[in-house]
Amino acid sequence: MVLTTDVPAREELVRRASELLPVLRKNAAWSEENRRLHDESIQALADAGVFKLRVPARYGGYEADTRTLVEVAAELAKADGSTAWTASVYWIPTWMTCMFPDEVQDEVFSTPDVRVCGTLSPSAMATPVDGGVVVNGRWGFVSGAWHSHWQEIIAIQAGPGVEPMPIMALVPMSDLEIVDDWNTSGLKGTGSVTTVAKDVFIPAERVLPLPAVLAGQYASKLNAASPIYRVPLLPVASASSVGTAVGLAKAAQEAFFQRLPERKITYTGYSSQREAPLTHLQVAEAAMKVDEAEFHAGRLAGLVDGKGVSGEQWTLEERVKARADMGAACRLAKEAVDIYATASGGSSIYTHVPIQRIARDISAMNLHALMHPNTNAELYGRILCGLEPDTFYI
């Protein structure tokens, strides 16, 4: 049965996200303490259609472009970085699910507001057997695992007479074990735990060769003509992630200016912080960095969406530039947050003051292997210097 639905405009989806801010802010402290999102926050995201953004229209999804993802994630991050991060992580494996054969999608998307978590790390082994593979291994940093229905996994397929090859597969969460090991300083509410597979059988139709996926060779026939499903994985992942960084920078900006009228600079002659020239320099620099982070996020989304619509082949430089834009947005957002946090004074370290959580979240985000600004800048520079990439993740 085809469940087509009217697709809300980008502005409507951002408005819905904005309306969630009070409940997400209310639950942010609980999520930090319990190291996973609150069930109420998950339900609020579902009610707003956040989990439908990358679902095909034939299943009642919205098939939203990445600019919409950037703007929605940025809005969510104004309330809670962990919520925005988890939502964006769901968008990526949900999109990856749309690369599988259409009958596999029928199974996955039969669950309303289905949530698919995932990873790009090949930290498990897959043994070929009749009808599929048997997987053993574990994956760390699986954001949103507690509330997921499926996990997209990466494993190395190997066996007698079989050339080792990374594969991408879909596994029901009921087939996996969760290790509650997410004890971190930042993005604590994401519940990015470790998942474990022990002799898990995966049928062949739910297995794809990862090199083919990275090369844009997808198995879905019904999604082939859709602009959002005919672009490379890594640029899509980059554009899907970066809105959280922009939103955290904006959240820090908002939090700083909310406290500014009541603040002085202790042990100085300034009875009002906003009268100090130092403050003027700090907020001007930080505000410009927020703008610059938003520029890179927007340029990245524009590239991904534009190439999807045109159907043009991606150049190597465009692929690595996508990662470079993501890294730049993350770096600039962190620099802006660091300025606002430094200017917030000693009282800002209390846990009820939002900027301390924002600073920890953006720091954690910048340490992510795929988002690390230095890694992405080096890769971009390597290509600009005429060298071959040293990674398949482009």
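Along the sequence shown, the residues carry numbers beginning at 1.
Annotation: the span from Asp361 atom CG to Thr244 atom OG1 amounts to 9.5 Å, rounded to 0.5 Å. Distance OG/Ser82 to NE2/His38: 14.0 Å, rounded to 0.5 Å. Interatomic distance, CD1 of Ile355 versus OG of Ser348, reported as 6.5 Å (0.5 Å rounding). To the nearest 0.5 angstrom, Arg206 atom CZ is 9.0 Å from Phe100 atom CZ. Distance check, rounded to the nearest 0.5 Å: OG of Ser347 to NE2 of His352 gives 8.0 Å. In this structure, the separation between CG on Leu24 and NZ on Lys78 is 13.0 Å, given to the nearest 0.5 Å.
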Original post:
Going through the distances and angles, do Thr86 and His147 end up as a side chain to side chain contact (heavy atoms under 4.5 Å, CB included)?
Top reply: CA-CA 10 Å; Thr86 305; His147 290 97; over 6 Å; no
Original post:
After noting the C-alpha distance and the side-chain angles of Phe109 and Arg58, does the key distance pass the side chain to side chain contact (heavy atoms under 4.5 Å, CB included) rule?
Top reply: CA-CA 10 Å; Phe109 294 123; Arg58 66 182 180 277; over 6 Å; no
Original post:
Are Lys307 and Glu318 close enough, and set up right, to give a salt bridge (Lys or Arg N to Asp or Glu O under 4.0 Å), and what steps lead you there?
Top reply: CA-CA 10 Å; Lys307 299 287 280 191; Glu318 286 173 331; 2.9 Å; yes
**OP:** Assess whether side chain to side chain contact (heavy atoms under 4.5 Å, CB included) is satisfied between Arg115 and Ile42, documenting all intermediate values.
**Re:** CA-CA 10 Å; Arg115 292 177 289 278; Ile42 289 290; 3.8 Å; yes
**OP:** Could you walk me through whether Glu32 and Arg360 pass side chain to side chain contact (heavy atoms under 4.5 Å, CB included), step by step?
**Re:** CA-CA 11 Å; Glu32 279 233 312; Arg360 289 185 286 106; 3.0 Å; yes
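Using modelled atom types, no side-chain atom of Arg35 and backbone atom of Asn183 make a donor-acceptor pair closer than 3.5 Å. At distances below 3.5 Å, not a single donor-acceptor pair connects side-chain atoms of Ser121 with backbone N or O atoms of Ser123. The main-chain N or O of Ser18 is never found under 3.5 Å from a side-chain atom of Glu75 such that the two would form a donor-acceptor pair. Side chain of Arg382 to main chain of Leu387: no donor-acceptor pair is present (N/O by atom type, distance under 3.5 Å, no hydrogens or angles). The closest donor-acceptor contact from the side chain of Asp102 to the backbone of Lys221 lies under 3.5 Å. Although no hydrogens or angles enter the test, the distance criterion places no donor-acceptor pair under 3.5 Å between the side chain of His149 and the main chain of Cys117. In this structure, Arg54 contributes its side chain and Ala64 its backbone to a donor-acceptor pair below 3.5 Å. Of the possible donor and acceptor atoms, none in the side chain of Tyr229 sits under 3.5 Å from a partner among the backbone N and O of Cys98. A distance-only check finds a donor-acceptor pair linking the side chain of Asn136 to the backbone of Asp199 [under 3.5 Å].
Looking at Arg16 and Asp47, their side chains never come closer than 4.5 Å, going by heavy atoms from C-beta outward. Side-chain contact between Asp305 and Pro227: absent, with no pair of heavy atoms (C-beta onward) separated by less than 4.5 Å. Under the 4.5 Å side-chain criterion, counting only non-hydrogen atoms from C-beta, Trp314 is in contact with Leu303. Taking the side chain as every heavy atom from C-beta outward, Arg259 and Val353 approach each other to under 4.5 Å. Residues Val7 and Glu63 form no side-chain contact, since every pair of their non-hydrogen atoms from C-beta on lies 4.5 Å or further apart. Side chains of Glu335 and Glu285 form no contact here, defined as non-hydrogen atoms less than 4.5 Å apart. Two residues are said to be in side-chain contact when any heavy atoms from C-beta on lie closer than 4.5 Å; Leu379 and Asp390 meet this criterion. No side-chain heavy atom of Ile92 sits under 4.5 Å from any side-chain heavy atom of Glu152.
Across all their heavy atoms, Pro211 and Pro166 have their closest contact at CD-O, 3.5 Å. Summarising the geometry of Glu205 relative to Val104, their closest heavy-atom pair is O-CG2, 3.1 Å, with the distance given to 0.1 Å. Here the shortest heavy-atom pairing between Ala369 and Arg323 reads O-NH2, 4.4 Å. Heavy atoms only, all atoms of each residue included: Ala251 and Ala77 are closest at CB-O, 3.8 Å. Here the shortest heavy-atom pairing between Lys52 and Asp113 reads CE-OD1, 3.6 Å. The minimum heavy-atom distance between Arg230 and Tyr218, with the atom names listed, is CA-CE1, 4.5 Å.
The stretch residues 233-242 participates, sequence neighbours left out, in no side chain to side chain donor-acceptor pair (under 3.5 Å) pair at all.
A continuous path of hydrophobic side-chain contacts links Leu214 to Val304 [ILVMFWY only; heavy atoms under 4.5 Å]. Both Val242 and Leu233 are members of a single hydrophobic cluster when ILVMFWY side chains are connected at heavy-atom separations under 4.5 Å. Side-chain heavy atoms closer than 4.5 Å link hydrophobic residues (I, L, V, M, F, W, Y) into clusters, and following such links, possibly through other members, connects Val23 to Val72. Cluster annotation: Met96 and Val116 are assigned to the same hydrophobic cluster (Ile/Leu/Val/Met/Phe/Trp/Tyr, side-chain heavy-atom contacts under 4.5 Å, transitive). Ile394 and Val213 are assigned to two separate hydrophobic clusters, defined by single-linkage of ILVMFWY side chains at heavy-atom distances under 4.5 Å.
In this structure, Glu388 places its CD atom where only 12 or fewer heavy-atom neighbours from other residues, nucleotides or ligands lie under 6.0 Å away. More than 12 heavy-atom neighbours from other residues, nucleotides or ligands sit within 6.0 angstrom of CD on Glu19. In this structure, Leu222 places its CG atom where more than 12 heavy-atom neighbours from other residues, nucleotides or ligands lie under 6.0 Å away. Remark: Phe392 CZ is loosely packed, at most 12 non-hydrogen atoms of other residues, nucleotides or ligands lying under 6.0 Å away. More than 12 heavy-atom neighbours from other residues, nucleotides or ligands sit within 6.0 angstrom of CD on Glu254.
In this structure, Val142 belongs to a hydrophobic cluster whose other members, linked by side-chain heavy atoms under 4.5 Å apart, are Val133, Val135, Trp139, Phe141, Trp146, Ile153, Met165, Ile167, Val171, Met173, Leu176, Ile178, Trp182, Val193, Val200, Ile202, Val207.
Judged by distance alone, the side chains of Thr68 and Asp65 do bring a donor and an acceptor atom under 3.5 Å apart. Side-chain contact check for Thr190 and Ser192: at least one donor-acceptor pair (N or O, by modelled atom type) lies under 3.5 Å.
Taking 4.0 Å as the cut-off between side-chain N and carboxylate O, Arg67 and Glu71 do not count as a salt-bridged pair. Salt bridge status for Glu12 with Arg15: present, with a side-chain N to carboxylate O gap under 4.0 Å. Taking a cutoff of 4.0 Å between a charged side-chain nitrogen and a carboxylate oxygen, Lys334 and Asp338 qualify as a salt bridge.
Between Phe256 and Tyr340, the ring planes lie tilted relative to each other; the angle falls in the 30° to 60° range.
Judged as a salt bridge (Lys or Arg N to Asp or Glu O under 4.0 Å), and not counting sequence neighbours, Asp181 has no contacts.
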